[in-house]
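As the structure is a prediction and not an experimental result, all values here were calculated from the model. Because only heavy atoms are used, hydrogens play no part in the values below, and waters and symmetry mates are left out as well, while side chains stay in.
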Amino acid sequence: MAEGGTTLEYTPTWVVAVVCTVFVVISLAVERFLHYLGKLLKKKNQKPLFEALQKIKEELMLLGFISLLLTVFQGRITSICISEKLANKWLPCKNKSDATGTAHFQAFFSFFPGGSARRLLAESSDSASSCSKGKVPILSTTALHHLHIFIFVLACVHVVFCALTILFGSAKIRQWKHWEDSVSNKEYDIEEAKSSKVTHVHDHDFIKNRFRGIGKNFYLMGWVHSFFKQFYGSINKSDYITLRLGFIMTHCRGNPKFNFHKYMMRALEADFKKVVGISWYLWIFVVVFLLLNVAGWHAYFWIAFIPFILLLAVGTKLEHIIIQLAHEVAEKHVAVEGDLVVQPSDDHFWFHRPRIVLILIHIILFQNSFELAFFFWIWVQYGFDSCIMGEVGYIIPRLIIGAFIQFVCSYSTLPLYAIVTQMGSSFKKAIFDEHIQEGLVGWAKQAKKKTVLRKAANGSSQVGHKEDSPGAVLLTKIGSERSTTEERKAGEISQENYP
């Protein structure tokens, strides 16, 4: 049965061939581009960025699978019928007279000649043939097609916005490179460091800029200062040098010229592959938003405040962690000998987990991408005057909030995250070069494998000790003693250095 158009049985073969050729060429071009981009990243030893590219490919594969499901089950979905009364509840647009629950979708492709009429014909044909009187399809062909396109646009916008955020944030962090060079180029003499003069703690620039005093009033002022500090000069030279020295003295004391800036950039690139993906809890947010996008509720406007509030909270918390580090030194010491050293700790972070900050940044970027993607998609599909778009009084603040989030997250929050999250109790695996990382991971896996085999051997020897030979028991004990050290070190690597 023909549904609103000619089937392949009566379509010219040259038309089918041309259309297939165009789509195949475009698909192959994109695939080759991603392939050569991956080879280029591997050639330049950019493994974190290469893994991020692999994550993007996974997202594209997921979108392709969603597209396939929507296409294959399109007929069955549109054949499901519900009552007109139920279809007229919770509509994105207020229903007009003689309109159905899917009437607001009819504007799609209206800027193409004959596009809207063709889809209207197909939709009326489907409704008449599959649903009885008083009932309508649960989702029209046009609405299903719109949903299909929106999911694809959302994923693309999210990837692009995350890439821009990392790009601008990395550019900001690279401006700190001259601070790293100014410190690492100095000659470091241990004897000279030991004989350094004693300095009053309040004479250090780091304490002057960050220490607010002791007491409840000063504690409150510390939070207020942290809130406003994230918008201007979030990190200065004294902050960078002090945090860098605290990290080195805690995690790599034997290497005073450790390139902290390079390590920080590698860690940020490794986190990028986690941010660029769309996790399951983000898809839940999409479903909830689509559910609450009811006419008159202005859900798209109120939801815009979620990433805005989270962004301000994360930026304030990161700035306050630096203040906490300064307070610890100022409260414990009156004077210090040599350079000022802070003590990194997980206790300064929410729930003692620095990784929560990355999850919140992931949510912020996705929700902001969702807001802007939804706005531009509605604008292109239905026009600026569409009822789904809402009133101008709600649109303008929403766009301003989206632009503000993108700017602040790129130039303030992300650089803050890159340096402050290094003030945890453990370091990240980016501290090692690629070949050392692979060697340590392999060593840890081998040690764990030996542990499993040893436990299995101990269990079998206890169950059937009468059948075991003394030589087998002796070998088991020897293996247990030799692997004790490896097991302990492997546990430290897997639990602390590889969170």
Side-chain angles (χ1 to χ4, degrees), residues 165 169 172-173 176 201-247 250 264 302 304-334 336 340-365 367-368 397 400-401 404-425:
T165 303
K172 178 68 175 180
I173 297 174
W176 304 344
V201 69
H202 290 279
D203 291 338
H204 288 270
D205 292 337
F206 179 71
I207 301 298
K208 288 180 181 179
N209 297 330
R210 295 292 181 174
F211 183 65
R212 298 290 118 187
I214 301 175
K216 292 183 178 180
N217 293 333
F218 291 107
Y219 179 78
L220 179 61
M221 287 300 298
W223 280 104
V224 174
H225 179 265
S226 300
F227 176 80
F228 290 102
K229 183 66 175 175
Q230 63 179 313
F231 303 119
Y232 66 95
S234 56
I235 296 292
N236 53 39
K237 185 176 181 179
S238 63
D239 295 335
Y240 181 86
I241 294 176
T242 304
L243 298 180
R244 172 188 180 275
L245 183 60
F247 178 88
T250 303
M264 191 170 53
W302 300 114
F305 285 93
I306 296 178
F308 178 72
I309 295 174
L310 287 178
L311 179 71
L312 298 180
V314 169
T316 303
K317 178 61 177 178
L318 292 175
E319 285 286 353
H320 193 259
I321 289 175
I322 303 178
I323 290 182
Q324 286 179 297
L325 294 172
H327 271 251
E328 283 187 350
V329 177
E331 291 174 2
K332 294 179 181 179
H333 305 282
V334 176
V336 293
L340 184 71
V341 180
V342 296
Q343 182 61 44
S345 174
D346 287 346
D347 296 336
H348 301 307
F349 295 87
W350 283 313
F351 305 104
H352 311 289
R353 294 185 62 188
R355 192 168 186 80
I356 292 180
V357 180
L358 180 63
I359 297 175
L360 292 177
I361 291 178
H362 191 189
I363 295 174
I364 291 169
L365 291 176
Q367 290 191 348
N368 193 52
I400 293 175
I401 290 175
F404 175 82
I405 291 173
Q406 190 66 30
F407 177 80
V408 174
C409 190
S410 299
Y411 287 99
S412 176
T413 308
L414 191 66
L416 266 174
Y417 162 80
I419 188 170
V420 175
T421 51
Q422 312 310 327
M423 296 299 103
S425 302

- State, with a plain yes or no, whether a side-chain heavy atom of Leu312 is found less than 4.5 Å away from one of Phe231. yes
- Do His348 and Gln343 have side-chain N/O donor and acceptor atoms under 3.5 Å apart? no
- Just wondering, do Phe206 and Ile322 contact through their side chains at under 4.5 Å, heavy atoms? yes
- Tell me, do Cys409 and Leu311 make a side-chain contact under 4.5 Å, heavy atoms counted? yes
- Item | Closest non-hydrogen atom pair between Val314 and Ile361, with its separation | CG1-CG1, 4.4 Å
- Item | Any side-chain donor near an acceptor of the partner, Gln230 and Thr316, under 3.5 Å | yes
- Within a reach of under 6.0 Å around CH2 of Trp350, are more than 12 heavy atoms found that belong to other residues, nucleotides or ligands? yes
- Message: Rounded at 0.5 Å granularity, tell me how far CD1 in Ile306 sits from CG in Asn368.
- Response: 12.0 Å
- Would you check if the distance from the ring center of Tyr232 to the ring center of Phe228 is below 6.0 Å? no
- Query: For the residue pair Leu340 and Thr242, what are the closest heavy atoms and their distance?
  - Reply: O-CG2, 4.1 Å
- Grab the two heavy atoms, one from Pro354 and one from Gly424, that are nearest each other, plus how far apart they are. CG-CA, 4.5 Å
- Message: Just so I know, are the side chains of Leu358 and His362 near enough to count as touching, which here means a heavy-atom distance under 4.5 Å?
- Response: no
- Message: Can you tell me how the ring of Trp223 sits relative to the ring of His320, calling it parallel under 30°, perpendicular over 60° and tilted otherwise?
- Response: parallel
- Task: Keeping the roles fixed (side chain from Asp346, backbone from Ser425), state whether a donor-acceptor pair exists under 3.5 Å.
- Result: yes
- Note on the structure: In this structure, OG1 of Thr413 is separated from CG of Leu310 (nearest 0.5 Å) by 11.0 Å
- Are Val357 and Lys317 close enough that some pair of their side-chain heavy atoms sits under 4.5 Å apart? no
- Task: Under the side chain to side chain contact (heavy atoms under 4.5 Å, CB included) rule, what do Val341 and Thr250 come out as? Steps first, then yes or no, please.
- Result: CA-CA 9 Å; Val341 180; Thr250 303; 5.9 Å; no
- Message: I'd like to check Trp176 versus Pro415 (side-chain heavy atoms, cut-off strictly below 4.5 Å). Are they in contact?
- Response: yes
- Message: Taking side chain to side chain donor-acceptor pair (under 3.5 Å) as the criterion, tell me which of His327, Glu319, His225 meets it with Arg210.
- Response: Glu319
- Message: So does Ala418 get a backbone contact from the side chain of Gln422, meaning a donor-acceptor N/O pair under 3.5 Å?
- Response: yes
- Separation of Asp239 CG from Lys229 NZ (nearest 0.5 Å): 6.5 Å
- Query: Rounded to the nearest 0.5 Å, what separation is found between the OH atom of Tyr417 and the CG atom of Leu360?
  - Reply: 11.0 Å
- Walk me through it: do Met264 and Tyr240 pass the test side chain to side chain contact (heavy atoms under 4.5 Å, CB included)? CA-CA 12 Å; Met264 191 170 53; Tyr240 181 86; 4.0 Å; yes
- Compare all side-chain heavy atoms of Ile356 with those of Phe349 and state whether any distance is below 4.5 angstrom. no
- Query: Nearest 0.5 Å, what's the OG-CG distance between Ser410 and Leu365?
  - Reply: 7.5 Å
- One should read off an interatomic distance between Leu414 CG and Ile419 CD1, to the nearest 0.5 angstrom, of 12.5 Å
- Query: So, do Val342 and Glu328 sit near enough that their side-chain heavy atoms are less than 4.5 Å apart?
  - Reply: no
- Message: Check Lys237 with Asp205, please: is the shortest side-chain N to carboxylate O separation under 4.0 Å?
- Response: no
